[in-house]
K.L.:
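The structure's right below; bear with me while I get my questions together.
The sequence lines fix the lettering, A, B, ..., with proteins before strands; numbering per chain opens at 1.
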Number of protein chains: 4
Amino acid sequence: MIELGANRYGKAQIRLVRVVRGAGPHRLRDLTVAIALEGDFTAAHVDGDNSLVVATDTMKNTAYAFAKDHLDGSLEAYGRALADHFLEFDQVARATVSIREHGWSPIPTSRGAAADAFVRTGLATRVATISADLGGTTAEAGVEDLVVMKTAHSGFAGFPRDRYTTLAENADRIMATKVTAIWRYGAADLASDALHAAIQATLLDVFADHDSPSVQTSIWLMARAILERHDEVDEVRMALPNLHHWRVDLAPFGLDNDNEIFVATTEPHGLIEATVRRGEG
Amino acid sequence: MIELGANRYGKAQIRLVRVVRGAGPHRLRDLTVAIALEGDFTAAHVDGDNSLVVATDTMKNTAYAFAKDHLDGSLEAYGRALADHFLEFDQVARATVSIREHGWSPIPTSRGAAADAFVRTGLATRVATISADLGGTTAEAGVEDLVVMKTAHSGFAGFPRDRYTTLAENADRIMATKVTAIWRYGAADLASDALHAAIQATLLDVFADHDSPSVQTSIWLMARAILERHDEVDEVRMALPNLHHWRVDLAPFGLDNDNEIFVATTEPHGLIEATVRRGEG
Amino acid sequence: MIELGANRYGKAQIRLVRVVRGAGPHRLRDLTVAIALEGDFTAAHVDGDNSLVVATDTMKNTAYAFAKDHLDGSLEAYGRALADHFLEFDQVARATVSIREHGWSPIPTSRGAAADAFVRTGLATRVATISADLGGTTAEAGVEDLVVMKTAHSGFAGFPRDRYTTLAENADRIMATKVTAIWRYGAADLASDALHAAIQATLLDVFADHDSPSVQTSIWLMARAILERHDEVDEVRMALPNLHHWRVDLAPFGLDNDNEIFVATTEPHGLIEATVRRGEG
Amino acid sequence: MIELGANRYGKAQIRLVRVVRGAGPHRLRDLTVAIALEGDFTAAHVDGDNSLVVATDTMKNTAYAFAKDHLDGSLEAYGRALADHFLEFDQVARATVSIREHGWSPIPTSRGAAADAFVRTGLATRVATISADLGGTTAEAGVEDLVVMKTAHSGFAGFPRDRYTTLAENADRIMATKVTAIWRYGAADLASDALHAAIQATLLDVFADHDSPSVQTSIWLMARAILERHDEVDEVRMALPNLHHWRVDLAPFGLDNDNEIFVATTEPHGLIEATVRRGEG
């Protein structure tokens, strides 16, 4: 017997820009939205019956329409409005809205910050995922593509050696990574733009300040600090590639290289992932 | 109380080419390998103690060394050898090896197929994931980036309409997608290069031959056929973006467009995901 | 005094799919088109006067409209029709149409090649550039992203050594590259789909068959063969990255590596560019 | 007769990070370097004679070695040192060094700016190209990937209409673009890090402040301002894609859209290129 298992469908890569023009400077939000539905869709798969299949084109239209009236608050509030809307369909058991926000800043000019001209800022991509089912709504938020580097206070030593180990111990290496950090709020309505900014600041603060014996420990320290300083957060998941910077051997050219010249690489890279959470302790 | 949850680490994007030169034509395999370990790594996170942390550089070295002696059989056999090796470390509870294979074909020449010159063929990327723990070993295999199009026998109609629905019913549309299909073998040692090729052929055969009322149904039919024709497979997961091809309105230019001229798009796209499996029936 | 120099404008990334359905199998062309105009556009820049500025949106519309009636012949014939059309505007001194074709093949099925289902084939991207001005029309054609590898008959030795040279001589290396080859036809109307296929076959034939002392020599031999075997071609330009494959040192693991296991890299890479042409000799 | 035409070769994608540690905060430069040589390389192509072919691996080594001693000044000074070095080879007629700089900023922390921890900032990529031959040395500099948007003071109207024109006139549109701007210094030794920053500020200042009737006029105004305010610059080349933001029609959903909700697109896009220079007047 062959049967349908888990399934979901939706619209991805909905590109949406909203400009609010008022008395003061324009406000700009630039989003990429994805919507996914789970529920009673067996007939659509097995019988070719589309009568319950909300068109993904309709999802796209709804995302644009809701941007008009539901995007004055936080990113997560917009996601909640969309998720709640789709949960109203009887056949939908769970609606998930995933949002990526692309950052823009007013252009600095000789007359001050521009009111209606912006430059993309690449510090990081803000992400949010809102998931609603009949049991309630959860909100996760975070950052992707936050590229950071420590040029001191990082090492890797004391690891086991076997037949295949050639790596030297290193008390002073560069640690470069592209942070993905996702945190889960204790309740969906705790999320706000200001809280997101504060959590990202905590993450950067700890990254800059700690001594790192391994990427694993760095993740632990950053995630623990987020939980300690921000009661609204219940769990933090982080995934950090270790983008190796190898010291170049300049000795053949008669030159020293006292941790000054490095080759930056992306292939291969380490990949370290961990979840840190409030325990039942 | 703050505690460490799920965690894993390893090396990703290990690029590896193996050339076997014998009496006949060269044999070429071009792989990207990732290795991830789970197990007793709490001290590494919480105490900065690396004494159990097999260096990811060691994983890379091992991948190259094992390519010398363990890559004569299938992709999955190489993955099993690597996973079993890392499971021998006491601190490792699970080792997962993920492999992507990049296809090459002998160059056709005026003297026949070349013996030692190859051209990259982009039909699809073959993937395999081997996961070993003390309970045994599982093997998943599949394809990614298999880009296909039906220029007939596809439609989408009968879907519900609400305030936000503007999509017209369509009895004859283009269906274009980039298939990701992953199947799980009933036992890890069933996997073989020949079986992989046969399963991919089944997938393409059904894609070309069926009438599609929706991407959901197409997934169901392709996955069901794989299960029906290949006893070795227990479960198939598929993820198909719906890469919309919109009919261009040529009427303003005094021209008909009887499903002939389309604009190909990637943003936004539908995204349809489902698992099909043998039930307990 | 500040003045306008060379300028041009147009539309890029016009994505266009054409399906021709007749009695037999469907015929499918999948193109990305760019159009650029040069001419009398000083007022548009200096005075903000758009009265001569054909909208790039109009260019896009024209590309779709012309696909209806002008794409039965070769890619280059379609490009010529478009270029000639834009040259009819008085203010246009030169119109350039650049086309990239994405390859598709009928899906092989158990009942033979499918009539209306296709799979993307990644052997290479076919390109064509048609440029028309009052003096006439030129046609260039070629391939991009043709990824090829020689696993024998390639070396690099005899190069000069200075203070900064550490590379060893190598009589037997892998040569891997992603070929860009552009050839100029002696007359624009010589271009045809069949001729393009024949020239690509020549290129691959020589790549597979020659002994390579350097990428430079490989370019010379391939380009010379195209000129020798195809009278229609006046000039060939080639750009070949040298995608290094480094032999992995397996000695620390007690293993030989007789040119069998390599690490494939893309950064950094050599980049070799040359033009070969019929001389006035 | 078949002959070799223009040719050049070199190393591309040399990734290089330099960290200078002194008493104060670390200084960090992160570069991608390419080197290309032209000269007497006919024998390398035609005869397979490598005796004059400086290995591209040697170029890479030289780039790293020179980073040790020649990167205290501007990016362009490092490029000049490298170009002059390669011009010393008798067979080299021209050496071109192209550099892309990836920006990093000290991480802001609760204790002030970090001394040894950095975050990638994506405002733009700084570029420089130094080209040296026996006649002298030229320096070009500029920015790539500078993504900017005007949410007011941009329109496009008054353009000609023909059979294929459907675009409406628009007095108030979004103008979004990814600026590539390259300027040529009157003398190579005028280039400096401070001057580069000042020119980029001019570009942004004019972008934010002007009324744009077309992308063409925007280019003219920005480039002219650079030439007017910076005597060191002789010529400015700009290439601006027009990344269309289409107003979404919300009327079917009973909503107004007074230039508030847009769909951001990248395909197709306009592409406007122009050079502005000091004339002979």
K.L.:
Just so I know, are the side chains of B:Met238 and B:Leu203 near enough to count as touching, which here means a heavy-atom distance under 4.5 Å?
P.N.:
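Touching, per the 4.5 Å side-chain cut-off.
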K.L.:
So for A:Thr56, is it side chain, backbone, both, or neither that comes closer than 4.5 Å to the heavy atoms of chain B?
P.N.:
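Side chain of A:Thr56 only, per the 4.5 Å heavy-atom cut-off to chain B.
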K.L.:
Quick one: which of A:Leu227, A:Asn242, A:Asn7, A:Thr217 has the most heavy-atom pairs under 4.5 Å with chain B, could you say?
P.N.:
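So the answer, after comparing A:Leu227, A:Asn242, A:Asn7, A:Thr217, is A:Thr217.
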K.L.:
With a 4.5 Å cut-off on side-chain heavy atoms, are A:His102 and A:Arg15 touching?
P.N.:
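Sidechains of A:His102 and A:Arg15: in contact.
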K.L.:
Is the side chain of A:Asn61 donor-acceptor paired with the backbone N or O of B:Tyr164 at a distance under 3.5 Å, no angle test?
P.N.:
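Looks like yes, one N/O pair under 3.5 Å.
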K.L.:
Could you check whether A:Tyr9 and A:Phe41 have their ring centres less than 6.0 Å apart?
P.N.:
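For A:Phe41 and A:Tyr9, the ring centres are under 6.0 Å apart.
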K.L.:
Which of the residues A:Asp57, A:Ile272, A:Ile2 is involved in the greatest number of heavy-atom pairs with chain B at under 4.5 angstrom?
P.N.:
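Top option by heavy-atom pairs under 4.5 Å: A:Ile2.
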K.L.:
Can you tell me which portion of B:Arg224 sits under 4.5 Å from chain A's heavy atoms? Options are side chain, backbone, both or neither.
P.N.:
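Both parts, backbone and side chain.
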K.L.:
Once the angle between the rings of B:His85 and B:Phe89 is folded into 0 to 90°, is it parallel (under 30°), tilted (30 to 60°) or perpendicular (over 60°)?
P.N.:
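If you compare the ring of B:His85 with that of B:Phe89, the planes turn out perpendicular.
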K.L.:
Among A:Ala34, A:Ala65, A:Ala44, which has the most heavy-atom pairs under 4.5 Å with chain B?
P.N.:
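Highest number of pairs under 4.5 Å: A:Ala44.
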K.L.:
Between B:Arg161, B:Glu235, B:Arg277, B:Arg278, which residue shows the highest count of heavy-atom pairs closer than 4.5 Å to chain A?
P.N.:
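Between B:Arg161, B:Glu235, B:Arg277, B:Arg278, the count favours B:Arg277.
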K.L.:
Relative to each other, are the rings of A:Trp183 and A:Tyr185 parallel, tilted or perpendicular (30° and 60° limits)?
P.N.:
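If you compare the ring of A:Trp183 with that of A:Tyr185, the planes turn out perpendicular.
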K.L.:
Out of B:Ser218, B:Pro213, B:Pro160, B:Ala36, which one racks up the most heavy-atom pairs below 4.5 Å with chain A?
P.N.:
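Ranked by heavy-atom pairs under 4.5 Å with chain A, first place is B:Pro160.
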K.L.:
Against chain B, label A:Ile219 side chain, backbone, both or neither, depending on which of its atoms sit under 4.5 Å from a heavy atom there.
P.N.:
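For A:Ile219, neither part sits under 4.5 Å from chain B.
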K.L.:
Go through the atoms of A:Ala157 and report whether side chain, backbone, both or neither lie under 4.5 Å from a heavy atom of chain B.
P.N.:
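A:Ala157 touches chain B through backbone heavy atoms alone.
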K.L.:
Checking heavy atoms, do the side chain of A:Asp211, its backbone, both or neither come under 4.5 Å from chain B?
P.N.:
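Looking at A:Asp211, nothing touches chain B.
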K.L.:
Please flag which part of A:Lys11 lies under 4.5 Å from any non-hydrogen atom of chain B: side chain, backbone, both or neither.
P.N.:
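When you check distances to chain B, atoms from both the backbone and side chain of A:Lys11 fall under 4.5 Å.
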K.L.:
Relative to chain A, which of B:Ala55, B:Pro268, B:Ser214, B:Pro241 shows the most heavy atom pairs under 4.5 Å?
P.N.:
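Going by pairs under 4.5 Å, I would pick B:Pro268.
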K.L.:
Provide the closest heavy-atom pair for B:Trp220 versus A:Leu4 in the form atom of the first, atom of the second, distance.
P.N.:
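Here B:Trp220 and A:Leu4 meet closest at CZ3-N, 3.6 Å.
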K.L.:
For A:Arg184 and A:Thr138, which I'm curious about, is there any donor-acceptor pair between the side chains at under 3.5 Å?
P.N.:
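No, A:Thr138 and A:Arg184 have no side-chain donor paired with an acceptor closer than 3.5 Å.
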K.L.:
Below 4.5 Å from any heavy atom of chain B, which atoms of A:Leu52 appear? Answer side chain, backbone, both or neither.
P.N.:
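Just the backbone, heavy atoms under 4.5 Å.
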K.L.:
Do you know which of B:Ala274, B:Ala239, B:Ala223, B:Ser212 has the most heavy-atom pairs with chain A at a distance under 4.5 angstrom?
P.N.:
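Among the listed options, the one with the most contacts to chain A is B:Ala274.
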K.L.:
The criterion is side chain to side chain donor-acceptor pair (under 3.5 Å); which residues satisfy it with B:His230, sequence neighbours excluded?
P.N.:
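Scan of B:His230 (side chain to side chain donor-acceptor pair (under 3.5 Å), adjacent residues dropped) gives B:Thr202.
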K.L.:
Looking at B:His244, is its backbone amide N or carbonyl O close enough to the side chain of B:Thr265 to form a donor-acceptor pair, meaning the two atoms are under 3.5 Å apart?
P.N.:
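Looks like yes, one N/O pair under 3.5 Å.
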K.L.:
Any idea which of B:Val236, B:Asp162, B:Val46, B:Val276 has the most non-hydrogen atom pairs under 4.5 angstrom with chain A?
P.N.:
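Highest number of heavy-atom pairs under 4.5 Å: B:Val46.
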